[in-house]
Structures are given as structure tokens and as C-alpha cells.
Amino acid sequence: VSLFLTFSPTYQSITTDNTRYTPTTSYATQKTYYWRVAIVDSDGKLGPFVDATIILDPYPYRIYLPLIMK
């Protein structure tokens, strides 16, 4: 998670073995956050990132997710 599209600096970085994650910290409203997700394979190689944008605009939250097609 970052406040910048370049992901530098990083606001928060999480590693999890789950397919779901709920942040344990609060994010400030009225800001745009960029987040991305990538897999790590069994050889420890980082897979491609999937990017999204979250705009915390008091209510309702607007989330822009990437379209992933097989």
C-alpha cells in the first residue's frame, strides 16, 4: 500500500499465506491509496503485481479493482 503510484515510499507492506487480508490499522479518509498484490512461488520468486486504487472518501468507499481474465 502506498500514497504514491510509484509505491515509493511504501505506506504498508504485508505478507500473508491467505487469499484474504483485512488491515489491522485505520487509513485516513480523503486520501487515495494504491495497493498491489503479487504471489511468491515455491522457488521464492515474486510473481507479477496486480494493481488497484482505493479512494477513501468518507462513505461509501470507492474501490477500483483490476480486471483479470484467464
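One is the number of the first residue; the rest follow in order along the sequence. A quick note: this is a predicted structure, and the numbers were derived from the prediction, not measured.
The six-membered or imidazole ring of Tyr33 lies near that of Tyr27, with a centre-to-centre distance under 6.0 Å.
Counting non-hydrogen atoms of other residues, nucleotides and ligands closer than 6.0 Å to CG of Asp43 gives a total above 12.
Legend: residues meeting side-chain hydrogen bond (donor to acceptor under 3.5 Å, both in side chains) with Thr16, ordered by chain and number and at least two apart, are Asn18. Phe7 pairs by the ring pair (Phe, Tyr, Trp, His ring centres under 6.0 Å) definition with nothing, not counting sequence neighbours.
Across all their heavy atoms, Ala38 and Gly47 have their closest contact at CB-O, 3.6 Å.
Between the CD atom of Gln12 and the OG atom of Ser2 there is a distance of 11.5 Å, given to the nearest 0.5 Å.
Taking the side chain as every heavy atom from C-beta outward, Val40 and Lys45 never approach each other to under 4.5 Å.
Cluster annotation: Trp35 is connected to Tyr11 through the hydrophobic network of ILVMFWY side chains, with a link wherever side-chain heavy atoms come within less than 4.5 Å. Residues Leu3 and Val1 share a single hydrophobic cluster, defined by chaining ILVMFWY side chains whose heavy atoms lie under 4.5 Å apart.
Think of Ile39 as one node in a network of Ile, Leu, Val, Met, Phe, Trp and Tyr side chains linked at under 4.5 Å; it has no links at all.
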